[in-house]
Amino acid sequence: MKKIFTLLASLGLTLGLMTGCGEDDPLLSAADYELDPATNATSKEVSVGDNAETFLAAYGDYKIFTSVAGGEYQALATEEIPFDSAITLLLPTFFIDGAPTDLDRFCEENEIEKADLTTTLNSETFLQAHTVIYSYLVFTWENGAITAIRSEYMDYNEDAAYYKEMNS
């Protein structure tokens, strides 16, 4: 069930990541997805109990996807995120061959239509020549404070069968 949720979230976020043409959002590095096991803090020193000010100081320049009360994820401007509500925030990055990848630039450089991006990233031919990892930090919030932080990823080279099943 978790894989299906991850699949749906990654497909939706792939499309969401492609929005905002012309904007250059910074990308998180692979090290940014490592949590300190002793403190459960991120590489940017954000931990459970922190507030919106601390979170935005660390991640306010990155593309943040917000789910309010378990609803669909959407890219909101930081000033529109309802931190006092029950929300989940995602900070995603696609890594192709180990490098964080701006999907707009990737489409442009490879002459791929944005509508074909998911198909390209999941194609057997592409995955035989490249590694594709989708990493994301998940922050759960209630009453203005972070209540949980998780770092998760999906390895397209290992998990591509899930995408093929969904697209069949």
Exercise for the section: List the steps, then state whether side chain to side chain contact (heavy atoms under 4.5 Å, CB included) holds for K114 with D104. Expected result: CA-CA 8 Å; K114 289 182 183 180; D104 284 330; 2.7 Å; yes
Exercise for the section: Answer yes or no: is there a side-chain heavy-atom contact under 4.5 Å between S47 and I146? Expected result: no
Handout entry: Nearest-0.5 Å distance, CD of residue Q128 to OG of residue S123
Key = 8.5 Å
Fill in the blank from the handout: Rounded to the nearest 0.5 angstrom, the OG1-CG distance for T66 and L89 is 4.5 Å
Handout entry: Transitive ILVMFWY side-chain link Y62 to Y33, under 4.5 Å
Key = yes
Practice task
Show the numbers, then the answer: is there a side chain to side chain contact (heavy atoms under 4.5 Å, CB included) between I64 and L76?
Solution key: CA-CA 7 Å; I64 302 167; L76 297 177; over 6 Å; no
Practice task
Would you please test L121 and L117 for side chain to side chain contact (heavy atoms under 4.5 Å, CB included) and show each step?
Solution key: CA-CA 6 Å; L121 293 178; L117 181 61; 4.0 Å; yes
Problem - Distance (rounded to the nearest 0.5 Å) between I96 CD1 and T101 OG1 - result: 4.0 Å
Handout entry: N143 backbone acceptor or donor facing D84 side chain under 3.5 Å
Key = no
Practice task
Indicate the atoms forming the closest heavy-atom contact of H130 with N157, along with that distance.
Solution key: O-ND2, 2.8 Å
Problem - Exercise: identify the closest heavy-atom pair between L28 and K44 - result: CD2-CE, 3.9 Å
Exercise for the section: Give the intermediate values and the outcome of side chain to side chain contact (heavy atoms under 4.5 Å, CB included) for residues F83 and L56. Expected result: CA-CA 11 Å; F83 287 103; L56 290 175; 3.9 Å; yes
Fill in the blank from the handout: What one should report as the nearest heavy-atom pair of T93 and P100 is CG2-CB, 3.8 Å
Practice task
Using modelled atom types only, decide if a donor and an acceptor are shared between the side chain of N51 and the backbone of T54 within a distance under 3.5 Å.
Solution key: yes
Practice task
Apply the test side chain to side chain donor-acceptor pair (under 3.5 Å) to residues D32 and S29: give CA-CA distance (whole Å), side-chain angles for both, the deciding distance (0.1 Å), then the verdict.
Solution key: CA-CA 5 Å; D32 290 323; S29 71; 3.2 Å; yes
Practice task
Please tell me if the side chains of F55 and W141 come closer than 4.5 Å, counting only heavy atoms from C-beta onward.
Solution key: yes
Exercise for the section: Take the angle between the ring planes of Y156 and F94 and call it parallel below 30°, perpendicular above 60°, tilted in between. Expected result: perpendicular
Handout entry: Student check: side-chain heavy atoms of R150 and T140 closer than 4.5 Å
Key = yes
Handout entry: Atom pair CD1/CD of I81 and Q74 - distance to nearest 0.5 Å
Key = 10.0 Å
Exercise for the section: Drop me the distance from I149's CD1 to N40's CG, to the nearest 0.5 angstrom. Expected result: 5.5 Å
Exercise for the section: Spell out, yes or no, whether V46 and L27 are grouped together once hydrophobic residues are joined by side-chain heavy atoms under 4.5 Å, including indirect joins. Expected result: no
Problem - Closest heavy-atom pair and its distance - L90, V138 - result: CD2-CG2, 3.3 Å
Handout entry: For the student: nearest non-hydrogen atoms of S151 and L137, plus distance
Key = CB-CD2, 3.8 Å
Exercise for the section: Determine, using ring centers only, whether F139 and Y59 are less than 6.0 Å apart. Expected result: yes
Handout entry: Least distance between heavy atoms, E45 atom then D50 atom
Key = O-OD2, 3.8 Å
Problem - Atom pair OH/CE of Y134 and M154 - distance to nearest 0.5 Å - result: 9.5 Å
Handout entry: Any F106 side-chain heavy atom under 4.5 Å of I112 side chain
Key = yes
